[in-house]
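See structure below.
First listed ligand is number 1; within each ligand, the first listed atom is number 1.
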Amino acid sequence: MEFDGERRRPQVVNTAGKTTGGSSYIASYMRQCLTSDLGGYYTSSAPSEHDQFGSKGDFVTSPEISQIFGELIGIWVVAEWIAQGRKGDGIYLMELGPGRGTLMDDMLRTIRNFPDMTKAIEAVYMVEASPRLRAAQHKLLSGDRPLTENEFGHESTSRHSDDLKIIWAEDLRLVPKEASKTPFIVAHEFFDALPIHVFQAMPQPKQQDDGSSTIQTPTGPIEPKQRLKQQQDQSQWRELLVSPKPPHRLKEGEPEFELSLSRMATPHSMYLPETSPRYQALKNTDGATIEVSPESQSYVRDLAIRLGGSNPTPATAPPPSAAAGRRVGSAVMEEPVIKTQPSGAALFIDYGPASTIPANSLRGVRSHERVSPFESPGVVDISADVDFMGLAESAINSSPGVEVHGPVDQARFLTAMGIEERASQLVKRAVDKERGGSTGQDKGELTELVKRVESGWKRLVDRGPQGMGCLYQVMAVVPHIPPQPGQQPRRPVGFGGDVPM
Ligand code: SAH
């Protein structure tokens, strides 16, 4: 595509249909702003685009703050591999939304210290929607090894070993689901970028009341229980939409869009809030707001099935022959994954509440500042809090072979994984090297390095009100293997468990 010198903007079109009066679903707005080919924040191919990551970009992420972050996640994966019996083949590593590729690079460097595991790794899969970031990841992980197209997307090999294939896919669904394989999956700051729908609970418009069923008492009228119940059942969910601001409220330098409440039910508001008892419990709370990310849930469903296999088909399902020749939904067509032994693990690290349903968390971020998500579509990063309990529910409902641990806050997880010890080791190594005269560094450089290591790890576990240590949560999905009688259930490292290394 030729670039005309001016930044292309994603088209914010009316996706929410006639009933919504020219508005768009928040989910469509997010998708268009973040990953549309035409000027999406991540996917824009404009050559002059600034790097989103780092101090000069819009945000800094944990792997970019300290190499120890990726190293400890690498150790977590190795510990799971050990706990699951040190499989000698069929292992693959997968990362969703790998950004610049730093996390995977740090993980691979750490895993290389465990040659038996390294030998067992068949491939590394990188699920990345952005061609620009794919190129950055390829440069970091593969160096000058060529990037070629394959059936899933692109592939190359590791700059450290021609035997290690690195495969890029734009979507998780393109990565083959093989029951015999053992995937270790990480997603850091991935789910927060996936589109959400937002709903608000409100009472149905009151019906005409002729007073006939109201009981009059000396202290005033009382409505029969039945009527109250009826009214509660009449609460409804309405969807919040992104609407163009009316011209009389449009001001120079302010966003062109704003949130508005749909005047009628949308297909999403009738379906999504009914999919979990957690949402249903809030339906009668006037004004309650919930954010739901069906895309995140379907990602987790797919991952849980890769780890633990599909749910058994219900006995009432029609036999396959009955479905032949009919148009059926993809859920019915999906090949079941039958795993004789659940295997692998997934680790999700993101920001969001540990147990409640996120509300009012849609945000824009530009140059490290929080801004309106409706400012400069495609130029501002947009994200929302991750619903960890929602992800846990999806995992457990999608596969009988998985269990979920956490979420625990990042400070607790990284501390349990040994962040402080690793930082002291890095500092000591640098100091020893300098003493031995093998670095050629002057004192100033060494002091800088020590400062960087020290401030980096402390920032990751900072428990202050806006500290990364408590804003970020870590959750693990691992195989569910019922303990033998008399044994305690196994816990992964970082979540209260221990593995002899
Ligand atoms: N994990 C990295 C980057 C986080 S930014 C880090 O912590 O530094 C979000 C990443 O997810 C980017 O790489 C972005 O291109 C990718 N991404 C966003 N939406 C995506 C989608 N729908 N499918 C695949 N990748 C996506």
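- Close N/O approach between His188 and ligand 1 is found [any backbone or side-chain N/O within under 3.5 Å].
- Of all the heavy atoms of Leu96, none lies under 4.0 Å from any atom of ligand 1, so neither backbone nor side chain is involved.
- For ligand 1, the polar-atom distance check finds no N/O of Gln137 at less than 3.5 Å from any of the ligand's N/O atoms.
- When each of Met104, Met417, Met107 is checked for a side chain to side chain contact (heavy atoms under 4.5 Å, CB included) with Ile73, only Met107 meets the rule.
- Every atom of ligand 1 is numbered from 1 in the order shown, and the set under 4.0 Å from a heavy atom of Ser130 is 15 (O).
- Atoms of ligand 1 found under 4.0 Å from any heavy atom of Gly99, numbered from 1 in the order shown, are 2 (C), 3 (C), 13 (O).
- When each of Leu103, Ile349, Leu96 is tested with Val186 by the rule side chain to side chain contact (heavy atoms under 4.5 Å, CB included), just one qualifies, namely Leu103.
- The shortest heavy-atom distance from Leu34 to ligand 1 is not under 4.0 Å.
- Checked against a 3.5 angstrom limit, the closest N/O atoms of Thr61 and ligand 1 fall inside it.
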Please test Glu80 against Gln84 for side chain to side chain contact (heavy atoms under 4.5 Å, CB included), starting from the C-alpha separation and ending with a verdict.
CA-CA 6 Å; Glu80 265 307 299; Gln84 294 180 32; 2.8 Å; yes

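- At a cut-off of 3.5 Å, with distance as the only test, no side-chain donor of Tyr42 or Gln52 sits close to an acceptor on the other residue.
- The pair Lys139-Asp144 does not count as a salt bridge, with every side-chain nitrogen at least 4.0 angstrom from each carboxylate oxygen.
- A salt bridge is absent between Asp163 and Lys119; no separation between the charged side-chain nitrogens and carboxylate oxygens falls under 4.0 Å.
- Of all protein heavy atoms, the one lying nearest to atom 23 (N) of ligand 1 is Ala129 CB, 3.6 Å.
- Nearest protein heavy-atom neighbour of atom 5 (S) of ligand 1: Tyr42 OH, 3.4 Å.
- Checked by atom type, the side-chain pair Gln137/Arg134 shows no donor-acceptor distance below 3.5 Å.
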Between Tyr92 and Phe184, is the ring pair (Phe, Tyr, Trp, His ring centres under 6.0 Å) condition met? List the steps.
CA-CA 6 Å; Tyr92 62 83; Phe184 289 99; 9.2 Å; no

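- The aromatic rings of Phe59 and Tyr41 lie tilted to each other, with the angle between the two planes from 30° to 60°.
- Less than 4.0 angstrom separates some heavy atom of Glu189 from each of these atoms of ligand 1: 4 (C), 5 (S), 9 (C).
- Comparing Phe69, Phe191, Phe190, Phe53 against atom 17 (N) of ligand 1, the shortest heavy-atom distance belongs to Phe190.
- With distances taken over non-hydrogen atoms, the option nearest atom 22 (N) of ligand 1 out of Leu133, Ile65, Leu194, Asp58 is Leu194.
- Looking at atom 19 (N) of ligand 1, its nearest protein heavy atom turns out to be Thr35 CG2, 3.6 Å.
- Checking only distances, Gly97 does come within under 3.5 Å of ligand 1, N or O to N or O.
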Would you sort out whether Phe348 and Phe190 count as a ring pair (Phe, Tyr, Trp, His ring centres under 6.0 Å), showing the intermediate values?
CA-CA 8 Å; Phe348 308 144; Phe190 172 71; 9.2 Å; no

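- Residue, atom and distance of the protein heavy atom nearest to atom 15 (O) of ligand 1 are Glu128 OE2, 2.5 Å.
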